[in-house]
Trainee: 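Please see the structure below; I have some questions.
When a residue number appears, it is its place in the shown sequence, counting from 1. Order of appearance sets the numbers: ligands from 1, and atoms from 1 within every ligand. The figures that follow rest on heavy atoms only: side chains count, while hydrogens, waters and symmetry mates do not. Remember, predicted model here, so these are calculated numbers, not experimental data.
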Amino acid sequence: MIKNTVRKEFLQRRMNLPEDELQKQTALIASNFKKLVLPPVNYLLSYHPLVNRREFDVSVCEEILKEQNLIMRVGWPKIHVDLLDMEAVLVEKDGLFIKNKFNILEPIGGIVIPPLQLDLIFVPLLGFDTRGYRVGYGKGYYDRYLAQCRPEAIKIGFSFFDAVEYIEDIDEFDVPLNFCITPHRIYEF
Ligand SMILES: Nc1nc2c(c(=O)[nH]1)N(C=O)[C@@H](CNc1ccc(C(=O)N[C@@H](CCC(=O)O)C(=O)O)cc1)CN2
Ligand SMILES: Nc1ncnc2c1ncn2[C@@H]1O[C@H](COP(=O)(O)OP(=O)(O)OP(=O)(O)O)[C@@H](O)[C@H]1O
């Protein structure tokens with residue numbers, strides 16, 4: 001399958017999930033996430049879900065990680081649309097967020113976490129394959145960002161659906177995931 005087909009098909013499948021089904025699948029993904037044994041995490045890059053695209057809400061998984069890592073700090077993506085660039089911004093408790101042009105909550109102010117400091121990254125996706133390659137919205141924000149992170153940083157995706165066998169048009173910039181959590185299984189790549 002090629003990226004564009006995966007993008008269209010998986011967005012469509014997600015948009016067609018009834019609300020109660022989405023809630024049920026979200027709970028199953030969170031309970032699978034809880035089973036993961038991960039090394040200590042000091043810095044996590046999380047994300048606020050794109051609600052109108054029915055993205056998986058990572059907040060429960062973030063809470064699970066916080067229980068396991070008492071001093072963990074959390075950064076949020078902030079994008080620069082014209083540069084196709086992204087940063088991880090650390091926000092004070094009760095810090096302010098504002099919706100960007102894609103309707104995603106982004107921090108206002110805050111301190112930038114250098115990409116090399118991140119231990120764990122929750123990576124948004126539309127679909128993924130059995131090798132851990134993923135497809136996003138096609139702008140390459142995450143691929144550009146992940147290239148600046150330590151290769152050892154753990155990259156985790158979440159999906160309501162299983163992997164496609166093989167995404168054909170992978171290029172040298174695509175960074176594979178280490179794990180993808182679905183309602184029925186944990187993929188480790
Ligand atoms: N929750 C979340 N945060 C994220 C991402 C994500 O995928 N999910 N991103 C991951 O990269 C970055 C934002 N990237 C995005 C890229 C394109 C579109 C999008 O909807 N594009 C429309 C065109 C909209 C327009 O140009 O006005 C489209 O493709 O139809 C949204 C987000 C950073 N933060
Ligand atoms: N590190 C990079 N340097 C330069 N160009 C890049 C880099 N990473 C990705 N790109 C380019 O960005 C474009 C979009 O990439 P791709 O289709 O893989 O996006 P995506 O993974 O769906 O999006 P996202 O990463 O935003 O979720 C491609 O043309 C790709 O070659």
Trainee: How far does CD1 of Ile29 sit from CD1 of Ile186, to the nearest 0.5 angstrom?
Mentor: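 Those atoms lie 11.0 Å apart.
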
Trainee: Considering only protein heavy atoms, which is closest to atom 33 (C) of ligand 1, and at what distance to one decimal place?
Mentor: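 Ranked first by proximity to atom 33 (C) of ligand 1 is Ile79 CG2, 3.5 Å.
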
Trainee: My understanding is that only residues two or more places apart in sequence, or in another chain, count here; which of them pass ring pair (Phe, Tyr, Trp, His ring centres under 6.0 Å) with Tyr43?
Mentor: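 Tyr43 satisfies ring pair (Phe, Tyr, Trp, His ring centres under 6.0 Å) with no other residue.
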
Trainee: Among all protein non-hydrogen atoms, which one is nearest to atom 17 (C) of ligand 1, and what is the separation to 0.1 Å?
Mentor: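 Nearest neighbour among protein heavy atoms for atom 17 (C) of ligand 1, to 0.1 Å: Tyr137 CB, 3.6 Å.
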
Trainee: Name the closest protein heavy atom to atom 6 (C) of ligand 1, giving the residue it belongs to and the distance to 0.1 Å.
Mentor: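 Answer, as residue, atom name and distance: Pro124 CG, 3.4 Å.
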
Trainee: Quick check against the 3.5 Å criterion: does Asn32 have a side-chain atom that pairs as donor or acceptor with the backbone of Thr182?
Mentor: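 Yes: the side chain of Asn32 pairs with the backbone of Thr182.
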
Trainee: Got an N/O contact under 3.5 Å between His48 and ligand 1?
Mentor: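 In this structure, His48 places an N or O atom under 3.5 Å from an N or O of ligand 1.
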
Trainee: How long is the straight-line distance from CZ of Phe122 back to CZ of Phe56, given to the nearest 0.5 Å?
Mentor: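 It comes to 8.0 Å.
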
Trainee: Taking Trp76's backbone N and O only, do any of them form a donor-acceptor pair with Lys78's side chain (distance below 3.5 Å, no angle check)?
Mentor: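 Judged by distance alone, no pair lies under 3.5 Å.
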
Trainee: Any chance CZ of Phe102 has more than 12 other-residue heavy atoms, nucleotides or ligands included, within less than 6.0 Å?
Mentor: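 Counting neighbours around CZ of Phe102, more than 12 heavy atoms of other residues, nucleotides or ligands fall under 6.0 Å, so yes.
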
Trainee: Does ligand 1 have an atom under 4.0 Å from some heavy atom of Arg53?
Mentor: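 Yes, Arg53 has heavy atoms under 4.0 Å from ligand 1.
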
Trainee: Would you mind running through ligand 1 and noting each atom that sits below 4.0 Å from a heavy atom of Leu50?
Mentor: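 Matching atoms, with element in brackets: 1 (N).
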
Trainee: Are the charged groups of Glu19 and Arg54 less than 4.0 angstrom apart, N to O?
Mentor: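 Judged by the 4.0 Å cut-off on N to carboxylate O distance, Glu19 and Arg54 do form a salt bridge.
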
Trainee: Is Glu55 in polar range of ligand 1, meaning some N or O pair under 3.5 Å apart?
Mentor: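 Checking ligand 1 against Glu55, an N or O pair does fall under 3.5 Å apart.
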
Trainee: Determine yes or no for a side-chain-to-main-chain donor-acceptor pair under 3.5 angstrom, with Arg14 supplying the side chain and Arg53 the backbone.
Mentor: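 Answer holds: yes.
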
Trainee: Should you measure from each heavy atom of Lys139, which atoms of ligand 1 turn up under 4.0 Å away?
Mentor: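 Those of ligand 1 that fall under 4.0 Å from Lys139 are 16 (C), 17 (C), 21 (N).
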
Trainee: What protein heavy atom lies closest to atom 27 (O) of ligand 1? Include the residue and the distance to one decimal.
Mentor: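 Looking only at protein heavy atoms, the one closest to atom 27 (O) of ligand 1 is Lys101 CE, 3.8 Å.
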
Trainee: Are side-chain N/O atoms of Asn16 and Arg13 paired as donor and acceptor at under 3.5 Å?
Mentor: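 No, because no side-chain N or O of Asn16 sits under 3.5 Å from a partner of the opposite role on Arg13.
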
Trainee: Can you name the residues that come within less than 4.0 Å of ligand 2, going by heavy atoms only?
Mentor: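 Heavy-atom contacts below 4.0 Å: Lys3, Arg7, Arg134, Val135, Gly136, Tyr137, Gly138, Lys139, Gly140, Tyr141, Tyr142, Asp143, Arg144, Asp171, Phe173, Asp174.
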
Trainee: Could you name the option among Phe56, Phe122, Tyr142, Tyr145 that has the heavy atom nearest to atom 5 (C) of ligand 1?
Mentor: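 Considering heavy atoms of Phe56, Phe122, Tyr142, Tyr145, the nearest to atom 5 (C) of ligand 1 sits in Tyr142.
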
Trainee: Mark yes or no for whether Tyr133, through its side chain, and Ile167, through its backbone, hold a donor-acceptor pair below 3.5 Å.
Mentor: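 Side chain of Tyr133 to backbone of Ile167: no pair is present.
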
Trainee: How would you list all residue pairs meeting salt bridge (charged side-chain N to carboxylate O under 4.0 Å, His left out) that involve residues 167-189, not counting sequence neighbours?
Mentor: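 Output for this query lists Lys3-Asp174.
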
Trainee: Considering Tyr141, Trp76, Tyr47, Phe102 one by one, which has a heavy atom nearer to atom 31 (C) of ligand 1 than any of the others?
Mentor: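 Answer by nearest heavy atom: Phe102.
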
Trainee: Would you mind listing every salt bridge (charged side-chain N to carboxylate O under 4.0 Å, His left out) that reaches into residues 115-133, with sequence neighbours excluded?
Mentor: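 For residues 115-133: Asp119-Arg150, Asp129-Arg131.
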
Trainee: Could you check which of Ile104, Leu11, Asn52, Asn103 puts a non-hydrogen atom nearest to atom 3 (N) of ligand 1?
Mentor: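 Selected option, by shortest heavy-atom distance: Ile104.
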
